[in-house]
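Only a predicted model underlies this, so the values are computations on that prediction, with no experimental measurement involved. Numbers restart at 1 for each chain; the letters A, B, ... are given by sequence-line order, proteins then strands.
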2 protein chains.
Amino acid sequence: MNWSTHASQRLDEAGHRSGRARRRVVELLGSADCALTALEIDRRIDSVGRASVYRTLERLEQLRLIQRVDIGGDSAGYERVDASDHHHHLVCQACGCLSPFTSEKLEDAIAAVGQSAGFALASHDVVLRGTCADCGDA
Amino acid sequence: MNWSTHASQRLDEAGHRSGRARRRVVELLGSADCALTALEIDRRIDSVGRASVYRTLERLEQLRLIQRVDIGGDSAGYERVDASDHHHHLVCQACGCLSPFTSEKLEDAIAAVGQSAGFALASHDVVLRGTCADCGDA
DNA sequence: ATCTGTGCAAATAGTTTGCATCCTC
DNA sequence: GAGGATGCAAACTATTTGCACAGAT
């Protein structure tokens, strides 16, 4: 089952109803390559109020169907969560592109930090900034 | 030499002048334990306009005397940079406290990711969220 | 029929800008 | 004395809230 269907189902289970705004936002996030900001989502969808976009994102985040990604700008990105697809982001400062990566070594290091600090870790964000391969060899 | 003096000196060298707002902001950042938001700084300083706080932070950041820390909320934190003190942050979701940590393993893992992705890394942020030792054993 | 979701518009919060004035150099 | 620094107020951007109404169950 794809993410959109899954998300819609979970929203139903949580007692939410399905209106136009919710359908369009879920559909868009389900087909997105990477994180989208609330405003990008709003721009790409006609006849849906901006407030509804934010409210839908809020519900999706509460159910952990999407997650916020802070890439350091003034607005936050949102992307769908696949339990089996934990990853972080590389941000190219030249072209603004976002690419996901995973690293077991990095996850291990993070777990070790939490343990030695006595923190019960719930989540973590890692954002690497630099120049991507395409922009680097100009 | 302490950070405040150093920062003030570098601002001078960069051709900036020293007014009340700049003095107070630099002084506060120099004595801060960890990151402060622009609004916290503004609140703690009387008779200094908010705009001047932002402008001072902007200049300090450009000279790499302070750095932005995105802890995931709606506003960003700023803290002084000591070249010899690279660290990241643990955020307690219960009490909101911020504690710094360092991990060589983590830095290594990050460097490895950048290399294998063909990214020339310029900077990176790591934020771990969870429950701190104090809040955990309630 | 009921009660949630939606859209609009207004309200907020954080940050930036315009401009007259102050003050450093 | 000149030009940058500052403070105030207004502008802006992202996000949230109030409210009437449409629409899902």
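Taking a cutoff of 4.0 Å between a charged side-chain nitrogen and a carboxylate oxygen, B/Asp125 and A/Arg129 qualify as a salt bridge. Residues A/Arg68 and A/Asp70 are paired through a salt bridge, judged by an N-O separation under 4.0 Å between the basic side chain and the carboxylate.
Nucleic acid contact for B/Thr37: none, since no nucleic acid atom lies under 4.0 Å from a heavy atom of the residue. B/Ala21 comes within contact range of the sugar-phosphate backbone alone, with a heavy-atom separation under 4.0 Å but no base atom that close. Within 4.0 Å of B/Arg20, counting heavy atoms only, lie sugar-phosphate atoms of the nucleic acid but no base atom. Here A/Ser52 lies in heavy-atom contact (under 4.0 Å) with a base. Using a 4.0 Å heavy-atom cutoff across all strands shown, B/Arg50 reaches at least one base atom of the nucleic acid.
Taking only side-chain atoms of A/Arg59, from C-beta outward, the nucleotide of D/dA14, C/dG14, C/dT6 with the closest atom is C/dT6. Side-chain proximity of B/Arg17 to the nucleotides C/dT17, D/dT15, D/dA5 is greatest for D/dA5. Picking from D/dT15, C/dT15, D/dT6 the nucleotide with the shortest atom distance to the side chain of B/Ala38 gives C/dT15. In the set D/dT15, D/dC8, C/dT6, D/dC8 carries the atom at the smallest distance from any side-chain atom of B/Arg55.
Whole-Å rounding puts the A/Leu11 CG to C/dT4 P distance at 15 Å. For the pair B/Arg68 CZ and C/dG14 P, the interatomic distance rounds to 13 Å; values are reported in whole Å. The nearest whole Å value for the distance from the CZ atom in A/Arg22 to the P atom in D/dG23 is 17 Å. Between the CG atom of B/Asp12 and the P atom of D/dG4 there is a distance of 15 Å, rounded to whole Å. At whole-Å resolution of the value, CD in B/Gln62 and C1' in D/dA5 are 15 Å apart. Between the C1' atom of C/dG14 and the CD1 atom of B/Ile41 lies a distance of 13 Å, rounded to the nearest Å. Between A/Glu58 atom CD and C/dT4 atom C1' the separation is 14 Å, expressed in whole Å. Taking atom CD1 on B/Ile45 and atom P on D/dG7, their separation rounds to 10 Å, with Å as the unit.
When each of A/Glu107, A/His87, A/His88 is tested with A/Thr102 by the rule side chain to side chain contact (heavy atoms under 4.5 Å, CB included), just one qualifies, namely A/His87.
Residue B/His16 places at least one side-chain N or O closer than 4.0 Å to OP1 or OP2 of D/dA5. When the side-chain nitrogen and oxygen atoms of B/Tyr54 are compared with OP1 and OP2 of C/dT16, none of them lie within a distance under 4.0 Å.
Two residues are said to be in side-chain contact when any heavy atoms from C-beta on lie closer than 4.5 Å; B/Leu29 and B/Ile66 meet this criterion.
Cluster annotation: B/Val81 and B/Trp3 are assigned to distinct hydrophobic clusters (Ile/Leu/Val/Met/Phe/Trp/Tyr, side-chain heavy-atom contacts under 4.5 Å, transitive).
Mapping B/Arg23 and A/Ala51 onto DNA chain C via the closest heavy atom, the residue that lands nearer the 5' end is A/Ala51.
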